[in-house]
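Structure record follows, encoded as structure tokens.
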Amino acid sequence: MPESTTTTAPRAGTDFIRQIVAADVESGRYGGRVVTRFPPEPNGYLHIGHAKSIVLNFGLAHEFGGRCHLRYDDTNPDTEKEEFVVAMQDDVRWLGYDWGEHLYFASDYFDRMYECAVTLIEKGSAYVDSQQADDIREGRGSVTEPGVESPYRSRSVEENLDLFSRMRAGEFEDGAHVLRGKIDMASPNMLMRDPVLYRIRHAHHYRQGDAWCIYPLYDYAHCLEDAFEDVTHSICTLEFENNRELYDWVLDKVGIEEPRTHQYEFARLDLEDAVLSKRRIAPLVNEGLVSGWDDPRLSTIAAIRRRGVPPEAVRTFCDMIGVAKTPAVIERARFDYAVREVLNAAAPRVMAVLEPLKVVITNFEDGRTEPIEAPYYPRDVPKEGSRTVPFSREVWIERSDFEEDPPKGFRRLVPGGEVRLRYAYVIRCDEVVKDEEGNVVELRCSYDPETRSGSAPLGRKVKGTIQWVSVESALDAEVRLFERLFVEGTEEGTDESALLEHLNPDSLVVVHAAKVEPSVARDPADTRYQFERTGYFWRDPVDGAGDSLVFNRIVALKDTWTKKEVATGGPEARRDVRSEVPRARPSAQAKPGPRPGPRLDDPEVAARFERFRGDLGVSEEHAELLADSPEWAEFFEAALIEYDDAVALAGWVVNDLRGMLGDRGLADLRFGGGEVGSLAALVEEGGVTRRAAKDVLARMVEEGGDPKELVEAMGLAVMNDPDELASIVDDVLQAWPDKVMEYREGKHALIGLFVGEVMKKTRGTADPEATKSLLAARLES
RNA sequence: UGGCCCGUCGUCUAAUGGCAGGACACCGGUCUUUGGAACCGGCGGUGGUGGUUCGAAUCCACCCGGGCCAACCA
């Protein structure tokens with residue numbers, strides 16, 4: 001398991017999934033067990049989006065002392081391969097997670113799934129349909145029209161059983177029959193219109209071989225897989241929201257009882273500029289626009305790994321972005337930040353020059369080499385270690401660290417100017433040597449022997465410090481710089497050919513003649529460095545595996561100077577393509593918005609509406625809602641018998657009760673309108689505050705009960721003693737001295753805090769008006 | 001067009017009827033032998049309109065905007 005990461009991560013247990021899990025653990029719903037799973041289909045490569053799911057599922061299990069399964073959802077023989085099974089395990093392990101003995105394959109459950117299907121048939125909940133695929137599709141209807149029932153829908157259980165076993169026995173061609181759930185062809189949820197559960201497919205399965213010729217479909221298989229494994233929290237992405245109803249239906253019908261697995265959905269990761277789908281990466285690979293599925297510009301786990309991003313950075317990133325239900329696009333900068341955050345604390349610093357310019361130090365003895373000990377880490381990174389870098393008469397510096405005609409604010413080498421060579425001496429540029437075309441080919445400088453690093457005389461101010469590599473000891477290296485693959489528009493929906501037109505021509509820049517200090521030759525090949533002032537690099541694990549040095553830039557250093565240059569159009573303004581894609585934010589304007597009005601064409605509705613609105617004076621909105629269904633109208637009428645303030649009652653029923661109902665209907669309630677009426681009456685009489693009454697109502701919704709008795713039992717009778725209130729008010733004020741001061745300085749919004757605190761202490765039994773005026777009086781004095 | 005889901009600083013995310021907070025980005029400063037890091041400060045938000053409530057980002061209604069669903073894929 002990964003060591004817990006970073007200070008930037010949100011507090012654990014705050015996202016909605018963690019809240020659900022924590023609540024289930026708290027309530028003992030599963031006896032405190034937490035079982036999650038990462039369920040990929042082995043039909044491609046894992047990408048950064050999967051990483052979010054992996055980090056969530058394994059992280060959750062780890063945090064709650066549970067376990068997380070790695071389960072291959074391999075129910076489709078056409079697309080799955082062993083190769084992907086292996087690669088996915090590598091990736092999950094690389095990310096730092098361990099499934100222990102809990103490695104599973106859906107295909108291992110085929111026998112059990114078959115048995116469950118038989119059960120379904122026996123219960124009359126599934127039938128064999130013999131229509132063509134096209135007819136099934138057509139019969140399903142559309143989102144606006146109900147479907148029609150299959151002519152085979154009413155086959156007998158015996159016939160279905162017979163047909164299904166013969167399907168399994170291989171008596172039929174592909175597509176001849178399917179097994180369907182018998183649900184509701186008119187369901188507003190298309191997935192519930194008799195979903196196909198099994199299909200015939202005479203194909204070789206990479207694990208099961210030819211043992212099967214019928215294969216279960218996702219909606220049937222997945223919930224059973226979870227149930228078989230005793231998964232408690234089955235976490236998936238938002239596009240499966242509609243599938244949840246079917247998930248529960250199958251488990252119900254198969255007879256899996258609570259406590260059982262439940263599905264929760266979160267928003268999948270969408271990373272700015274990243275191309276994640278197989279469909280969109282494949283053409284890039286096939287046309288050679290990238291070197292493969294692990295090309296460092298891609299966002300597959302393999303690519304991220306090859307590029308050199310440490311797994312901890314991926315975890316940090318996933319922690320940073322949180323888990324929610326809002327479909328969101330994460331800025332690239334956040335990923336880069338996570339990578340730098342991890343690498344800054346871990347990577348040894350080393351010097352390299354990407355575009356070398358020769359500097360001859362004219363007053364340094366020719367042939368002499370001075371060894372300089374240079375620390376691997378800056379003083380603010382608490383790590384030890386150093387290496388020796390040889391200093392000599394000729395050194396390479398970065399071409400961009402010299403300007404003949406410097407822009408304002410340039411802090412590097414200029415003609416006649418001084419700069420410090422990192423860890424070494426201060427040099428002055430005495431002469432600029434050019435070729436016939438006027439290109440700068442060499443700088444002739446002099447060094448000040450008094451300025452050796454660490455012993456520089458005080459008061460010596462130098463504009464800047466630059467990195468260097470001595471010519472005699474420099475190692476040649478190839479360096480690969482990666483930028484975003486596309487210059488614009490990678491949103492889903494952009495079609496592939498349009499995508500190809502937006503390829504960034506500079507997404508890969510190969511520097512062939514970089515110079516690196518000699519110490520790196522002795523380091524392990526997988527060392528991740530910071531090339532000082534340039535970025536984080538490591539040797540490409542494929543092309544840099546041999547003797548030749550090939551470095552990948554993992555991520556550049558944050559660079560506030562170049563950014564300024566670009567902004568001011570300075571001479572160094574270059575095509576450093578950063579993420580500057582303006583993203584249109586959907587503007588949600590308010591239009592007048594006419595209310596559709598009550599369905600007055602229905603005489604019964606019209607009559608009820610007239611009574612509520614006209615006779616009782618209920619607001620139009622409330623009258624309409626109450627009149628619309630007989631059930632609600634009846635409920636409201638019942639309340640009216642107990643208490644005659646129709647307007648107040650309408651508020652209770654519509655605004656409060658509706659919100660508490662959640663998935664429940666009125667019929668699920670263990671009380672009727674009468675109880676709501678007496679509760680409202682109780683409030684009116686002053687027996688209970690409205691605030692406390694809401695808690696009572698909420699309890700009634702959960703457990704039923706009589707309002708009056710509940711007020712008593714819950715101890716929520718209104719607090720009438722003014723002295724008691726005063727003392728609580730004083731307590732609260734005393735507990736928040738700084739807030740009291742802020743209030744007195746004018747932040748009157750804090751009154752809410754104080755009232756809230758009093759309410760909390762009194763569990764809502766204090767009269768809010770009285771509390772407020774008392775508070776105000778105390779705060780003014 | 002039916003159903004389900006989602007709208008909070010530029011971006012991501014908290015606040016679960018009671019102080020709209022954090023992170024990234026951006027801007028400014030301090031420090032610095034990395035134009036890095038660190039530290040300090042600033043900018044900036046509840047899609048709209050009504051309603052309920054002492055009090056609404058939160059509950060209710062409508063509107064607007066976005067996503068998902070009509071594979072014998074997952």
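Protein chains get the first letters and strands the later ones, always in sequence-line order, with residue 1 at the start of each. For clarity, every value in this text was computed on a predicted model and none was experimentally measured.
- If you check distances only, the side chain of Lys739(A) does reach the base of C19(B) with a donor-acceptor pair under 3.5 Å.
- Nearest to the side-chain atoms of Ser142(A) among the listed nucleotides G36(B), A70(B), G10(B) stands A70(B).
- Closest to the Val755(A) side chain, of the nucleotides G18(B), G2(B), A23(B), is G18(B).
- A donor and an acceptor atom sit less than 3.5 Å apart, one in the side chain of Gln530(A) and one in the base of U34(B).
- Taking the six-membered ring for Trp, Tyr152(A) and Tyr127(A) have ring centres at least 6.0 Å apart.
- Of the candidates A74(B), G51(B), C4(B), G51(B) carries the atom nearest the His622(A) side chain, counting heavy atoms from C-beta on.
- Here A37(B) is the nucleotide among C60(B), A70(B), A37(B) with the atom lying nearest to any side-chain atom of Lys558(A).
- Side-chain contact of Thr237(A) with Glu239(A): a donor-acceptor pair under 3.5 Å is present, judged by distance alone.
- Side-chain atoms of Glu331(A) come within donor-acceptor range of the base of G10(B), with a qualifying N/O pair under 3.5 Å.
- Projected onto RNA chain B by closest heavy-atom contact, Gly756(A) and Pro327(A) fall at different nucleotides, the more 5' of which corresponds to Pro327(A).
- At least one donor-acceptor pair under 3.5 Å links the side chain of Arg193(A) to the backbone N or O of Arg140(A).
- Here the separation of U52(B) from A57(B), taken at their C1' atoms, is 16 Å to the nearest Å.
- In this model, the phosphate group of A74(B) is approached by a side-chain N or O of Thr75(A) to a distance below 4.0 Å at OP1 or OP2.
- Side chain Arg340(A) to base G36(B): no donor-acceptor pair is found below 3.5 Å.
- Place Phe16(A) and Asn76(A) on RNA chain B by their nearest nucleotides, and Phe16(A) ends up nearer the 5' end.
- Of the listed nucleotides (G18(B), A37(B), C60(B)), G18(B) has the atom at the smallest distance from the side chain of Arg691(A).
- RNA chain B forms stems at B:2-7 with B:64-69, B:10-13 with B:21-24, B:26-30 with B:38-42, B:47-51 with B:59-63, each a run of 3 or more consecutive Watson-Crick or G-U wobble pairs whose two key distances fall under 3.5 Å.
- Checked against C19(B), G50(B), U34(B), the side chain of Glu621(A) finds its nearest nucleotide in G50(B).
- The aromatic ring centroids of Phe317(A) and Phe335(A) lie less than 6.0 Å from each other.
- At the heavy-atom level, Phe240(A) lies under 4.0 Å from base atoms of the strands shown.
- The nucleotide whose nearest atom lies closest to any side-chain atom of Trp561(A) is, among A23(B), A70(B), G35(B), G35(B).
- Residues Thr316(A) and Glu341(A) bring no donor and acceptor atom of their side chains to less than 3.5 Å of each other.
- Residues Asp129(A) and Gln131(A) bring a donor and an acceptor atom of their side chains to less than 3.5 Å of each other.
- If you check distances only, the side chain of Lys694(A) does reach the base of G17(B) with a donor-acceptor pair under 3.5 Å.
- You won't find any donor-acceptor pair under 3.5 Å spanning the side chain of Arg690(A) and the base of U53(B), going by distance alone.
- Proximity of the aromatic rings of Tyr247(A) and Phe240(A) is defined here by a centroid distance below 6.0 angstrom, and this criterion is not met.
- Checking C60(B), C6(B), G18(B) against every side-chain atom of Leu625(A), the shortest atom distance belongs to C60(B).
- Distances from the side chain of Leu753(A) to the nucleotides C69(B), C19(B), G3(B) place C19(B) closest.
- Under the stacking criterion of a centre-to-centre distance below 5.5 angstrom and an interplanar angle below 30°, Tyr218(A) is not stacked against the six-membered ring of A74(B).
- Side-chain atoms of Asn655(A) lie closest to G51(B) of the nucleotides C69(B), G36(B), G51(B).
- Comparing the P positions of U8(B) and G66(B) gives a spacing of 14 Å, expressed to the nearest Å.
- Within the structure, a side-chain polar atom (N or O) of Thr560(A) is placed less than 4.0 Å from OP1 or OP2 of G36(B).
- Residue-to-nucleotide contacts include no donor-acceptor pair under 3.5 Å from the side chain of Asp559(A) to the base of G36(B).
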